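All remarks here apply to the structure that follows.
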Amino acid sequence: MKTRTRFAPSPTGYMHIGNLRTALYEYLIAKAQGGDFILRIEDTDQKRYVEGATDIIYATLKRVGTNWDEGPDIGGNYGPYIQSERRNIYAEYAHKLVELGGAHYCFCSKEDADEQKDEEQNIKFQDPCKHLSLEEAKARVAKGEPYVIRQTINKSGKSKYHDEVYGDIEIDYDELDEGVLLKSDGLPTYNFANVVDDHLMEITHVVRGNEYISSTPKYNLIYEDFGWEHPQYVHVPPVMKDAQHKLSKRNGDASFQDLVAKGYLPEAIINYIALLGWNPGTDQEIFSLDELKKIFSVERLNKSPAIFDITKLTWMNGCYIRALPIEEFHKLAEPYYKECLSRKVDEEFLSKVLQPRVEVLGDIPNQIDFIEQVKDFSNDLYFNKKMKSDAEVAKKTLAEAKTVLAEADVWTNEALFEKLKALAETLGVKNGQILYPLRIALSGKETTPGGATEIAVILGKDETINRINQALARL
RNA sequence: GGUCCCAUCGUCUAAUGGUUAGGACAUCACCCUUUCACGGUGGUAAUAUGGGUUCGAAUCCCGUUGGGAUCACCA
């Protein structure tokens, strides 16, 4: 049987990291076995529907490369792939389930049910409609009385099923409540739509958050009542913000699009989240999607929650940025140059010095702001113990450097470096005693992308001399 | 509260009865050096806890503690 997995998000807005990781695992499980990855939109709750949310889902999945084989936009043999368009299918199966004895019509209001319940004291709703005869119930339905279809659970004892991650799960049937399957608006709840769709779409592996572990027996009952086989279950632990809280968009935690906007590369994000809850069993940490497709296995999925660590993602993103061909890095960096540079500089040279020093693209403006203008800085900045540099030294060497630079006719990094090195020799000082102060004078910053001569090249001769003069005046 | 699940360095994790408990990020030190980074070398740092079982336990069993999930006409 061909492996078929599905990503079934509800279009409620952002694509958060936990969701994306689930999609990734589903994709990888399918592709590791040459199977199909299906996209299905679960929009049975009209109240939560957010305009444009499906577009974000499409865009995100495309961006990371987890392309789907069947879905609302491309169709397939098991459509439609949007639940609101499958309304009639659910209704048909719901009524069938009633006939089969796995569900019953219920005429109670939500308030009636809520009143009876008490979670603290563990009192469940006992549905009086459960005992109505099918004829009577049908008659009331025919009369036009509002109703829902509720699951009927008559079993007792322990329900058992196997989960690929958590192993064997046992839950008492008494713990299960008879939830609504078909709402009064005629649309199904997740509890029902999922089972019907997964069966009809021939899904072989259901991957979802571990919050579904305890309700899975209810779904298995539905499968049983229909005489269907249930899929394999792969419940995955949540991605956490900290030890206590899940990553959630409500708290404004980073979503995929937020991270991309900050300058994280989709490839790096995917690589990082693949490793949040899964490991290859080797020391390798950098993986392309294609590599993951080859080696992913559910056996190596972890049971405990994983905290999302932006610091490690940042490191990994730096790895990806450094590995980029220079032209590609340049293309990614250019928009930031356009945004914050008005001075004309050799942008390709800038990219060259910048690339090994950028971890997140969004840091670029901060790293290059000195090119526009030097912010006020204290002369203490000239102090560096190792370089044997301080304001006094700077005063002398800067003046000397200025003379040499003013005479320079070839304005390249190599040429300038040779000249200043020669100057250091003539003066009998360390290279650093010239270069360190020069770098400070030109940038006003303790850290810069590149050394003194590289910055001089970026700034150009006139501006370099200009800045040395300004610095000298302040010493 | 009932039920279910989880528990190794600060973080992600490896070790499926026998390891000086390994790797990565972060952190610290040193080296390299033209700053910062990159790179290199090394260090600090963990089996929540109490009992069993066993020649031997991070690993198996039980209790405790801590955390999470669930108990919707949300998914």
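No experiment lies behind these values; they were computed from the predicted model shown. Lettering of chains follows the sequences in order, A, B, ..., and the numbering in each one begins at 1.
- Between A:Tyr219 and A:Tyr233, the distance from one ring center to the other does not fall under 6.0 angstrom.
- One can find a donor-acceptor pair under 3.5 Å joining the base of B:rU33 and the side-chain atoms of A:Lys386.
- Along RNA chain B, the nucleotide nearest to A:Trp278 and the one nearest to A:Thr447 differ in position, and the one closer to the 5' end is contacted by A:Trp278.
- The side chain of A:Arg208 places no N or O atom within less than 4.0 Å of a non-bridging phosphate oxygen (OP1 or OP2) of B:rA69.
- The base-pairing partner of B:rU20, taking Watson-Crick or G-U wobble contacts with both distances under 3.5 Å, does not exist among the strands shown.
- Between the CG atom of A:Asp242 and the C1' atom of B:rG68 there is a distance of 12 Å, given to the nearest Å.
- Counting only heavy atoms from C-beta on, A:Ile171 has its side chain closest to B:rC4 among B:rU13, B:rC73, B:rC4.
- The distance between atom CD of A:Gln116 and atom P of B:rA72, rounded to the nearest whole Å, is 12 Å.
- The partner of B:rA57, taking Watson-Crick or G-U wobble pairs whose two distances both stay under 3.5 Å, does not exist in any strand shown.
- The backbone N or O of A:Pro80 sits less than 3.5 Å from a side-chain atom of A:Arg86, completing a donor-acceptor pair.
- Distance CD (A:Glu211) to P (B:rC74): 17 Å, rounded to an integer number of Å.
- Between the side chain of A:Arg357 and the base of B:rC36 there is at least one donor-acceptor pair of N/O atoms closer than 3.5 Å.
- For the OP1/OP2 pair of B:rA75 and a distance below 4.0 Å, the side-chain nitrogens and oxygens of A:Lys183 include at least one atom meeting the criterion.
- Between A:Asn302 and B:rA14 there is a side-chain N or O to OP1 or OP2 distance below 4.0 Å.
- Atom NE2 in A:His162 sits roughly 14 Å away from atom P in B:rC5 (whole-Å rounding).
- One finds a salt bridge joining A:Arg40 and A:Asp198 here, because a Lys/Arg side-chain nitrogen approaches an Asp/Glu carboxylate oxygen to under 4.0 Å.
- Contact annotation: A:Lys303 reaches the phosphate of B:rC6 (side-chain N/O to OP1 or OP2, under 4.0 Å).
- Nucleotide B:rC32 has no partner under the Watson-Crick or G-U criteria, as no pair reaches both atom distances under 3.5 Å.
- Applying the 4.0 Å criterion to OP1 and OP2 of B:rC73, one finds that A:Lys110 has a side-chain N or O inside that range.
- Contact between the side-chain N/O atoms of A:Lys47 and the OP1/OP2 oxygens of B:rC74 is found at a separation under 4.0 Å.
- A:Asn194 CG to A:His199 NE2: the interatomic distance, rounded to the nearest 0.5 Å, is 13.5 Å.
- Pair assignment for B:rG2 gives B:rU70, based on Watson-Crick or G-U wobble hydrogen-bonding distances that are each under 3.5 Å.
- Comparing A:Tyr212 and A:Ile169 by the nucleotide of RNA chain B whose heavy atom lies nearest to each, the residue mapping closer to the 5' end is A:Ile169.
- Ring to ring, A:His95 and A:Tyr90 are not that close: their centroids are 6.0 angstrom or more apart.
- Judged by Watson-Crick or G-U wobble contacts below 3.5 Å, the nucleotide B:rU65 has B:rA7 as its partner.
- Without hydrogens or angle criteria, A:Arg467 side chain to A:Leu442 main chain gives a donor-acceptor distance under 3.5 Å.
- What separates CG of A:Asn210 from P of B:rU3 is a distance of 19 Å, to the nearest Å.
- The base-pairing partner of B:rU47, taking Watson-Crick or G-U wobble contacts with both distances under 3.5 Å, does not exist among the strands shown.
- Dashed line: the shortest gap from a side-chain N or O of A:Thr44 to OP1 or OP2 of B:rA75 is under 4.0 Å.
- The nucleotide B:rA14 finds no pairing partner, because no Watson-Crick or G-U wobble arrangement with both distances shorter than 3.5 Å includes it.
- At a cut-off of 3.5 angstrom, the base of B:rC25 holds no donor-acceptor pair with the side chain of A:Thr311.
- Look at the P atom in both B:rG66 and B:rU53: the space between them is 27 Å, to the nearest Å.
- For the side chain to side chain donor-acceptor pair (under 3.5 Å) with A:Glu178, the qualifying choice from A:Lys130, A:His104, A:Gln126 is A:Lys130, the only one to do so.
- A gap of 8 Å separates the C1' atoms of B:rU47 and B:rA21, to the nearest Å.
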